Structure formats: structure tokens, C-alpha cells
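The next block holds one structure in the form of C-alpha cells; read it before the comments.
Owing to the predicted nature of the structure, the values given are computational and were not obtained by experimental measurement. The sequence lines fix the lettering, A, B, ..., with proteins before strands; numbering per chain opens at 1.
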Amino acid sequence: MRIATWNVNSIGARLPRLIPWLEETAPDIVALQETKCAAGAFPYLPVQALGYEALAAGDGRWNGVAILSKLGITDPVVDLPGHPEARLASARCGLLHVTSVYVPNGRSVDDPHYTYKLDWLATLCAGLDSVDPAEPRVIMGDFNVAPTDDDVWDIKAFAGSTHVTPAERAAVQALLDWGLIDLPARPGKGEHPFSYWDYRAGMFHKDLGMRIDLVLATKSVRVSDAYVDREARKGKLPSDHAPVVVDIDL
DNA sequence: ATGTCATCTTAGAGATGA
């Protein structure tokens, strides 16, 4: 069984790349982020034609998350208590419980959005209190947090920045402490499995990226392979994120 | 490392966010 997460940076703009990618990669379940698409405007028909049921949450202009599943979608949830933005979609897909997250960016450490980011992550973690960590579950998406210094191209360039602060890392660590494992993925190039590269300044071609798209899974999810699909970041009109693809058994 | 990209407003360049 194959699962994947991909911040597509607008599903409308990316559909011409998403559809062939789904055909070639053939994941059973995909978590999408930054669809930038109202739930009612989601391209259900093109993904249904490939055998996927879709659960979409969307504000319209910003944010937006979705789950595509060939294994069914039951118990859908598309909000996080007290946080109205469309940044979470959750459902049971066959035997696996799946959550797609688009964690707030934070902007800068002195911005109210940074506090909002920490609160959002804490609320996500608190929601797991009523969940059994023995059950097969994945929480995957754009966490906007680089868990370790090796997850950015140069930690010195991030002095004073978001994505690398102890508080953000502690918020992700709390999820791991609950019972999730940050699945290590093979890099597409170089030593680091970066999943995001800024569009500007040739960052992608210099492999100056960040690992901020994470697949967190409970231990009953057995992993046979995991990789960053760097090919999907190449070529014409890519997203600024690459998909992370994970092959699993339950 | 602020050099790009996507979207919306409101009809074409600017604001916003990443």
C-alpha cells in the first residue's frame, strides 16, 4: 500500500501535473495541502476518474487541504477546534486513519501568527488524547517545522527565523511523544531528504531546501520504503514542494 | 539569499502570502 503527501501550491494551477503524477505513482492515499480551493470547487471528477474518493476542506484563496483515497473515506473531519482555517482533513481510509495537515507558517517569531502556529500544533496534539496510539494512523503534511538542524540547508541562515525554533520543534516532538514516528525518507538528491525549495534564487537546483513535509505514523504502520519524489519538483510550473511517498503494510 | 509563483481585486498593476 502506497501513501503520499504533497503541498501542491494550488490544486487548480497544479492539476495538469497532479493527474499524471497520480497515474505514474499510483498512491492509494494522498494528503494534499495548499489546495487554495473552496471545498465545492475541488476537482472531484478528474480524481474520481482515477479511482479516488476525495475529502476536501477549503477557504478559497488561502490554505485548503484534502485527502484522496482509493480505499474509501469514512468518519470525515475537516476542522480543528477553535481554528476555523481549512488546515486539517481527517478520515478513515480502510484500515488506516489519515490526517492531512497544513500547519500555519508562523511568518516571524514576533508575529501573532507564530503564536497561532504553536497553538494550532498544541490543539492537534491535544486531539490525540482520546485516540489509541496502537491503531494504524498517519498524520502527514506540510508542518512548516524543520525538526532538526540537518533539515535545513544551513542552520546559520535560519538564526532568528521560524521553522527551527525550540518551541516549534517541541510542538512536533509532543506528537512523537504521543506515539508517532517521523518516517525517514530517502532523499531525491544529496544527503538530505528536503521536500521544499524556495522558487527564488535557484534554490532548487542548488539543493538549498528544507525538510518540512513530514509523514508521522504510529508503530503499527510498517514501512517498506519512503522517498522524496524530487522529479515532481522539476520542469515546468512545479509546486515549490515535492511529494513524500511512503510504501507501507498494516 | 526577497531573485518566484499563485490568487484576488476589478480590467491591469498592486497587495498579500508563502
Side-chain angles (χ1 to χ4, degrees), chain A residues 5-19 21 31-43 46 56-66 80 83-89 100-121 140-147 149-165 168 171-172 189-190 192 194-214 228-244:
Chain A
T5 183
W6 194 6
N7 178 325
V8 290
N9 186 17
S10 170
I11 198 165
R14 217 63 60 211
L15 202 60
R17 293 191 60 135
L18 176 65
I19 294 299
W21 181 83
L32 299 171
Q33 301 85 39
E34 279 207 88
T35 53
K36 297 184 176 178
C37 168
F42 192 86
D59 298 324
R61 184 173 185 181
W62 306 118
N63 313 312
V65 290
L80 190 65
H83 299 78
E85 290 181 321
R87 296 180 175 276
L88 180 143
S100 175
V101 295
Y102 176 47
V103 177
N105 176 283
R107 297 178 190 161
S108 62
V109 291
D110 57 355
D111 192 298
H113 202 249
Y114 175 74
T115 308
Y116 172 66
K117 177 182 194 174
L118 295 177
D119 186 60
W120 197 96
L121 282 165
M140 54 185 171
D142 179 356
F143 281 76
N144 272 313
V145 177
D149 288 358
D150 282 340
D151 295 322
V152 296
W153 76 88
D154 179 4
I155 191 61
K156 293 189 289 296
F158 284 80
S161 296
T162 59
H163 293 59
V164 298
T165 66
E168 288 164 285
V172 171
K189 176 189 176 183
H192 305 286
F194 295 144
S195 60
Y196 163 83
W197 302 261
D198 197 298
Y199 282 125
R200 295 166 287 195
M203 298 286 270
F204 176 65
H205 298 98
K206 298 177 211 167
D207 201 27
L208 303 183
M210 304 171 72
R211 187 178 78 91
I212 54 177
D213 298 274
L214 310 178
V228 177
D229 187 355
R230 197 172 186 280
E231 297 304 309
R233 180 63 177 77
K234 295 181 179 177
K236 197 174 183 187
L237 291 178
S239 170
D240 43 0
H241 294 251
V244 181

Can you tell me which nucleotide in [options] comes closest to the side chain of [X]?
{"X": "A:W153", "options": "B:dA18, B:dA1, B:dA6", "result": "B:dA1"}
{"X": "A:A201", "options": "B:dT16, B:dA1, B:dT4", "result": "B:dA1"}
{"X": "A:K206", "options": "B:dA18, B:dA1, B:dG17", "result": "B:dA1"}
{"X": "A:R200", "options": "B:dT16, B:dA6, B:dA18", "result": "B:dA18"}

Examine [X] relative to [Y] and say whether NZ or CZ is less than 6.0 Å from the centre of the six-membered ring and inside a 45° cone about the ring axis.
{"X": "A:R14", "Y": "A:W21", "value": "no"}
{"X": "A:R211", "Y": "A:Y196", "value": "no"}
{"X": "A:R230", "Y": "A:F204", "value": "yes"}

Integer angstrom distance from the [atom1] of [N] to that of [M]:
{"N": "B:dA18", "M": "B:dA1", "atom1": "P", "result": "22 Å"}
{"N": "B:dA6", "M": "B:dG12", "atom1": "P", "result": "23 Å"}
{"N": "B:dT2", "M": "B:dA15", "atom1": "C1'", "result": "15 Å"}

Using only atom types and a distance under 3.5 Å, with no angle test, would you say the side chain of [X] pairs donor to acceptor with the backbone of [Y]?
{"X": "A:R17", "Y": "A:K236", "value": "yes"}
{"X": "A:D59", "Y": "A:E85", "value": "no"}
{"X": "A:R87", "Y": "A:V65", "value": "no"}

To the nearest angstrom, how far is [X] atom [atom1] from [N] atom [atom2]?
{"X": "A:E34", "N": "B:dT4", "atom1": "CD", "atom2": "P", "result": "19 Å"}
{"X": "A:F158", "N": "B:dT2", "atom1": "CZ", "atom2": "C1'", "result": "13 Å"}
{"X": "A:M203", "N": "B:dA18", "atom1": "CE", "atom2": "C1'", "result": "13 Å"}
{"X": "A:L208", "N": "B:dT4", "atom1": "CG", "atom2": "P", "result": "16 Å"}
{"X": "A:H163", "N": "B:dG17", "atom1": "NE2", "atom2": "C1'", "result": "12 Å"}
{"X": "A:W197", "N": "B:dT4", "atom1": "CH2", "atom2": "P", "result": "19 Å"}
{"X": "A:Y114", "N": "B:dA18", "atom1": "OH", "atom2": "P", "result": "16 Å"}
{"X": "A:Y196", "N": "B:dT4", "atom1": "OH", "atom2": "P", "result": "13 Å"}

Which part of the nucleic acid, if any, lies within reach of A:L237 when heavy atoms closer than 4.0 Å are counted: base, sugar-phosphate only, or nothing?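 Sugar-phosphate, no base atom in range.
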A:H113 or A:Y199: which one's nearest nucleotide on DNA chain B is closer to the 5' end?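 Upstream on the strand: A:Y199.
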Along DNA chain B (nearest heavy atom to each residue), the more 5'-positioned of A:D198 and A:S10: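 Going by which nucleotide is closer to the 5' end, it is A:D198.
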Determine: side-chain N/O of A:R107 to OP1/OP2 of B:dA18, distance under 4.0 Å, yes or no.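 Yes.
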Just say parallel, tilted or perpendicular for the rings of A:F194 and A:W197, cut-offs at 30° and 60°.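 If you compare the ring of A:F194 with that of A:W197, the planes turn out perpendicular.
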Ring centroid separation A:W62 to A:Y102 under 6.0 Å: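 So the answer is no for these two rings.
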Given Watson-Crick or G-U pairs with both distances under 3.5 Å, what dot-bracket string fits DNA chain B, with | for other-strand pairs and [ ] for crossing? ...((((((...))))))
